[in-house]
J.: 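Before I ask anything, here is the structure I am working with.
Numbers here are sequence positions counted from 1. Numbering of ligands and ligand atoms starts at 1, following listing order. From a predicted model like this one, the values you see are computed outputs, not experimental measurements.
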Amino acid sequence: MSIFNHFKQLTAVSCVAAALSFSSIANADTWRYAHEEYKGDVQDVYALKFKKYIEDNSEHTLQVYRFGELGESDDIMEQAQAGILQFVNQSPGFTGALIPEAQIFFIPYLMPTDMESVVEFFRQSKAVNENFPKLYEAQGLELLKMYPEGEMVMTVDEPITSPEDLKGKKIRVMTNPLLSSTYEAFGATPTPLPWGEVYGALQTNMIQGQENPIFWIESGGLYEVSPNLVFTNHGWFTTASMANKDFFDKLSAEDKKVVHDAADYAFDETIKHINGLADKSLQKIQAASKDVTVTRLTDAQIAKFKERAPQVEATFYEMTGDSGKQLLDQFKQDLEAVTK
Ligand code: 6CS
């Protein structure tokens, strides 16, 4: 081969290489993902594992925004629906206005109390993995995962053991109407507030209690201003990660797979993280404050709260009609499958 031809061939090879690397750089996007919690919290663990999988398995990078960086939960949902964010993690506790059926998680005493059954339920449930994605899709969202964060615990200004003890107490709830019905049924005065206002409202006695998983009571310092923890066994804090649907639909088949696989990976890693987390957080709280009390309701005391659950279920039907009924039937079947 003449020097000239050799040079031509080399030039062609480097042009192809340059074009290939240019095209992969051109396809390398930075995606934005916002969630509702602080550094090291459960949603942050999920987001960082999701990021790791995406970055290890594609050209793309993920920018994660935590609570407050882009606003409250409702703000990040608006930004995701508008396509300003590609991904958002919003808990059903705030999604009730958009998707009334998402309030199903607030029917008290529906979920089992042991973590193994809860996790199996999220893995296997047809209601969670087949019905919910359609409901989110109707709002322009590709549901990636619903996952549990921890069992709900009430914190109150004094230890309580019955619905009568909650009379006259303003208890903060996330902003979904069904959760208000639950606390009304429990004998309290429900007070819906976005997260950013909860600590201050407890501190100034505008409200006398709230509910959340223990890791959050520890990480948000809620025990400092609401020190009486009451284990009622009435439900699990559930959350959900999702993508803007227009964005997702335009991805290549390969990228779509990476996104869903990243959600599976993040789910598994998050479940490992929450295993034992409640106990560790309770120990930290007890080491940090002498004012904290822990009340674990007896079965008889729980029965007094539980007997009020059917009225909340009736309200769920009123709020969601046939679609809610179908979902709840499926939900119950799925729960039976994992608890029997
Ligand atoms: O109570 C809340 O509003 C918050 N609780 C948790 C566990 N995560 C985020 C949410 O905003």
Side-chain angles (χ1 to χ4, degrees), residues 33-48 64-80 85 87-98 102-103 105-106 111 115 118 122 145-156 170-180 182-183 188 190-203 206-226 229-232 234-242 266 270-271 273-274 277-278 280-282 284-285:
Y33 180 119
H35 67 73
E36 303 167 316
E37 298 183 350
Y38 304 107
K39 187 168 192 279
D41 287 333
V42 178
Q43 288 182 24
D44 197 46
V45 169
Y46 179 98
L48 296 184
V64 173
Y65 298 91
R66 300 188 173 114
F67 176 80
E69 292 176 7
L70 298 175
E72 280 280 358
S73 183
D74 284 350
D75 301 316
I76 56 176
M77 175 56 97
E78 263 178 41
Q79 290 158 26
L85 290 170
F87 299 97
V88 69
N89 192 124
Q90 191 189 54
S91 304
F94 295 107
T95 316
L98 199 62
Q103 300 176 107
F105 295 101
F106 299 96
M111 297 293 280
M115 180 167 149
V118 171
F122 278 94
K145 275 282 174 239
M146 286 186 148
Y147 61 98
E149 295 197 35
E151 199 178 340
M152 285 292 201
V153 175
M154 267 189 223
T155 69
V156 197
K170 288 194 189 139
I171 303 294
R172 178 269 176 165
V173 290
M174 286 178 282
T175 55
N176 82 75
L178 196 76
L179 189 51
S180 286
T182 295
Y183 272 85
T191 309
L193 284 178
W195 167 248
E197 291 173 36
V198 180
Y199 190 99
L202 285 166
Q203 196 170 31
M206 276 172 59
I207 52 171
Q208 287 76 47
Q210 61 86 44
E211 62 160 28
N212 253 307
I214 309 190
F215 86 84
W216 188 252
I217 294 169
E218 193 271 318
S219 113
L222 291 174
Y223 63 93
E224 297 160 357
V225 285
S226 191
L229 275 55
V230 184
F231 287 70
T232 47
H234 71 278
W236 276 70
F237 189 100
T238 296
T239 196
S241 73
M242 63 209 83
T270 305
I271 296 306
H273 174 76
I274 65 169
L277 181 62
K280 274 187 243 155
S281 304
L282 184 57
K284 280 193 202 163
I285 290 174

J.: Tell me: protein heavy atom nearest atom 8 (N) of ligand 1, and distance?
T.: Glu37 OE2, 2.6 Å
J.: Below 3.5 Å, N or O to N or O, backbone or side chain included: is there any such pair between Arg172 and ligand 1?
T.: yes
J.: Using a 4.0 Å heavy-atom cut-off, say whether Phe237 meets ligand 1 through its side chain, its backbone, both or neither.
T.: side chain
J.: Is the closest N or O pair between Asn212 and ligand 1 shorter than 3.5 Å?
T.: yes
J.: Is the number of heavy atoms from other residues, nucleotides or ligands under 6.0 Å of Lys145 NZ greater than 12?
T.: yes
J.: When rounded to the nearest 0.5 angstrom, what is the spacing between CZ in Phe215 and NZ in Lys280?
T.: 12.5 Å
J.: Can you tell me which residue and heavy atom of the protein come closest to atom 11 (O) of ligand 1, and the distance to 0.1 Å?
T.: Phe94 CE1, 3.5 Å
J.: Quick one: which of Thr191, Thr175, Val173 gives a side-chain contact (heavy atoms from CB on, under 4.5 Å) with Ser180?
T.: Val173
J.: Give the intermediate values and the outcome of side chain to side chain donor-acceptor pair (under 3.5 Å) for residues Asp41 and Tyr46.
T.: CA-CA 9 Å; Asp41 287 333; Tyr46 179 98; over 6 Å; no
J.: CZ of Phe105 to CG of Asn176: how many Å apart, nearest 0.5 Å?
T.: 11.5 Å
